[in-house]
Amino acid sequence: MAMADLIHDLVADHVALLDTLNRARQLGVTSAEGREILLQLKSSLIAHLRKEDFFLYPVLKRAAAQDKRLQELMQSFVDDMAHISKTAIAFFDKYRGGGSDTEFAQEFGRLYATFMDRHEREEKILYPEFRKIQERQ
């Protein structure tokens, strides 16, 4: 993948993931369609994370080896992702086969807010750092 296209692709992934989240919320977990959307969301999220792990983070980690501020920034994103991953996996596992619409709505709201915050932080903080590194090379 061309590095120039990476950020564009990652942002497009964010849009698609949020669209899928919204469709899941609209359909609800008690419907077969809602559960199918959750499975799609899980696989799309995994694909997005792999793209970040393979193309984005190695570049950032190499640069962070020479930059204390970037090291600290990267560590905060790594710590944050560990929490998000744990929460998301538990959510997907819990509602894979259905469940209470009320509980689903409450937990979905928290997960949605977490994803929104993460995507916003990536797009406003992490991706610009990646661009700066690419410009210097």
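With contacts defined as side-chain heavy-atom distances shorter than 4.5 Å, the pair Lys42/Leu38 does not qualify. The side-chain heavy atoms of Asp9 and Phe55, taken from C-beta on, include no pair separated by under 4.5 Å. Taking the side chain as every heavy atom from C-beta outward, Arg121 and Phe77 approach each other to under 4.5 Å. Considering only heavy atoms from C-beta on, Asp13 comes within 4.5 Å of Leu10 through its side chain.
The OG1 atom of Thr114 sits 5.5 Å away from atom NE2 of His83, with the distance rounded to the nearest 0.5 Å. In this structure, the separation between CD on Gln40 and CZ on Arg23 is 6.0 Å, given to the nearest 0.5 Å. A distance of 8.5 Å separates CG in Leu6 from CD in Glu52, rounded to the nearest 0.5 Å. Taking CG of Leu60 as the start and CG of Leu70 as the end, the distance is 6.0 Å to the nearest 0.5 Å. Atom OH of Tyr57 and atom CZ of Arg62 lie 14.5 Å apart (nearest 0.5 Å). Atoms CG and CG, on Asp80 and Leu126 in that order, are 10.5 Å from each other to the nearest 0.5 Å.
In the hydrophobic cluster analysis, where Ile, Leu, Val, Met, Phe, Trp and Tyr join through side-chain heavy atoms closer than 4.5 angstrom, Leu41 is grouped apart from Ile89. The hydrophobic cluster containing Val11 also contains Ile133, counting ILVMFWY residues as joined when their side-chain heavy atoms lie under 4.5 angstrom apart, directly or transitively. Leu56 and Ile125 end up in the same hydrophobic cluster when Ile, Leu, Val, Met, Phe, Trp and Tyr side chains are linked at under 4.5 Å. Clustering ILVMFWY residues whenever any of their side-chain heavy atoms sit less than 4.5 angstrom apart, transitively, puts Ile7 in the very cluster that holds Phe54. In the hydrophobic clustering of ILVMFWY residues, with side-chain heavy atoms under 4.5 Å counting as a link, Phe130 and Val78 come out apart.
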- Could you please spell out the steps behind the salt bridge (Lys or Arg N to Asp or Glu O under 4.0 Å) verdict for Arg118 and Glu122? CA-CA 6 Å; Arg118 175 64 183 217; Glu122 284 180 347; 2.9 Å; yes
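Ion pairing between Arg69 and Glu72 fails under the 4.0 Å rule for side-chain N and carboxylate O.
Of the residues Leu21, Thr20, Asn22, the one that meets the side-chain contact (heavy atoms from CB on, under 4.5 Å) test with Ile37 is Thr20. Checked options Lys132, His8, His14; the residue passing with Tyr127 is His14 (criterion: side chain to side chain donor-acceptor pair (under 3.5 Å)).
Using a distance-only test at 3.5 Å, with no hydrogens or angles considered, a donor-acceptor pair links the side chain of Ser76 to the main chain of Leu73.
In this structure, His48 and His119 have perpendicular ring planes: the angle between them is above 60°, well past the 30° mark.
The two atoms that bring Gln71 and Ala64 nearest to each other are CG-O, 2.8 Å, heavy atoms only.
For the residue pair Gln75/Asp79, the side-chain donor-acceptor check at 3.5 Å is satisfied.
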